[in-house]
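I have placed the structure first, in the form of structure tokens, so that the comments after it can refer back to it.
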Amino acid sequence: MKKTIIVANWKMNPTTLREAKTIFLGIKKQAVKLKKIKTIICPPAVYFGELKRISSKDKILLGAQNCFEQERGPWTGKISPKMLKTSGAKFIILGHSENRKAGENDEIINQKIKLALKSDLNVILCVGEFERDEDGRYFDFLKQQILNALVGVNKNYLKNILIAYEPIWAIGKNAKEIITNIQLQEIVIFIKKILVDKYNVNDFKDVKILYGGSVNHKNIEDLNKTNADGFLVGRDSLNVEKFGKILKVVNDN
Ligand code: PGA
């Protein structure tokens, strides 16, 4: 059965392990009942051990929010993808705009992707333009971001990569506006075509595109009518009730 992927990006929240467990258990209670959803929760990595212990195997999967681009060594404070993998992560978000803003460039993101895939993690690669211009230059920007991130990434890994389209103008509480279904559908096809061309795959179904940026319990019903293969949720993923509603709406439609 085709499952819709819903990723919770908790970012640097919540501030205590106790709260993390409460939210996690609240989400788990609802997620285990839903057959058509694949729920991936990306908490701060320090909570992995405890959350893995209370997770329902195969029902809720854990994802990391970033990693360092080296395997080991004298890198104080850094965490490698293999460490995340052995601590319970199955997925990893890479290239998030908040990390790009903090200095990550395409080259570093590419190194991280290759190391994460080698470490047996599935990659959720975030891409997205700052703004939309009338000439459509954001299409080239997006294409370049994707191709740069995937330099040297072998076709065999395509099944381990999800692309999350997160236009910066639509993310977070300062979002200018919400994407329309037509805008989203067009981008999903555009990104699929980039991957189909690069990897010479026959079927659009072999590439999975998520949408992220102000997805919430109110607009999910509408966004779910598009061709996106799933959603990446920030703010609403920390609220059990709101996130539960998102999961249920997607499951039931
Ligand atoms: P948001 O965040 O849902 O709060 O807009 C999404 C993200 O940054 O991944």
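Residue numbers count from 1 along this sequence. Whatever order the structure lists them in is the order used to number ligands and atoms, beginning at 1.
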Donor + acceptor pair across side chains of [X], [Y] (<3.5 Å):
X      : Y      : answer
Thr180 : Gln183 : yes
Glu69  : Asn110 : no
Glu104 : His96  : no
Lys112 : Asn66  : yes
Gln65  : Trp10  : no
Asn122 : Asn160 : yes

Pull out every atom of ligand 1 sitting under 4.0 Å from any heavy atom of [X], numbered as shown with elements.
X      : value
Glu166 : 6 (C), 7 (C), 8 (O), 9 (O)
His96  : 7 (C), 8 (O), 9 (O)
Arg235 : 1 (P), 3 (O), 4 (O), 5 (O)
Leu232 : 9 (O)
Gly213 : 5 (O)
Asn9   : 9 (O)
Gly172 : 1 (P), 5 (O)

Distance-only N or O hit between ligand 1 and Gly234, under 3.5 Å: yes
Polar contact flag for Ala170 and ligand 1 (N/O pairs, less than 3.5 Å):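 No.
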Protein contact of atom 8 (O) of ligand 1 - nearest heavy atom, named by residue and atom, plus distance: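 Here the closest protein heavy atom is Lys11 NZ, 2.6 Å.
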Cluster link Leu247 to Val250, ILVMFWY, side chain under 4.5 Å: yes
Heavy atom of Lys173, distance to ligand 1 below 4.0 Å: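 In this structure, Lys173 fails to qualify as a contact of ligand 1 - no heavy atom is under 4.0 Å.
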Aromatic plane relationship, Tyr211 with Tyr165 - under 30° parallel, 30 to 60° tilted, over 60° perpendicular: tilted
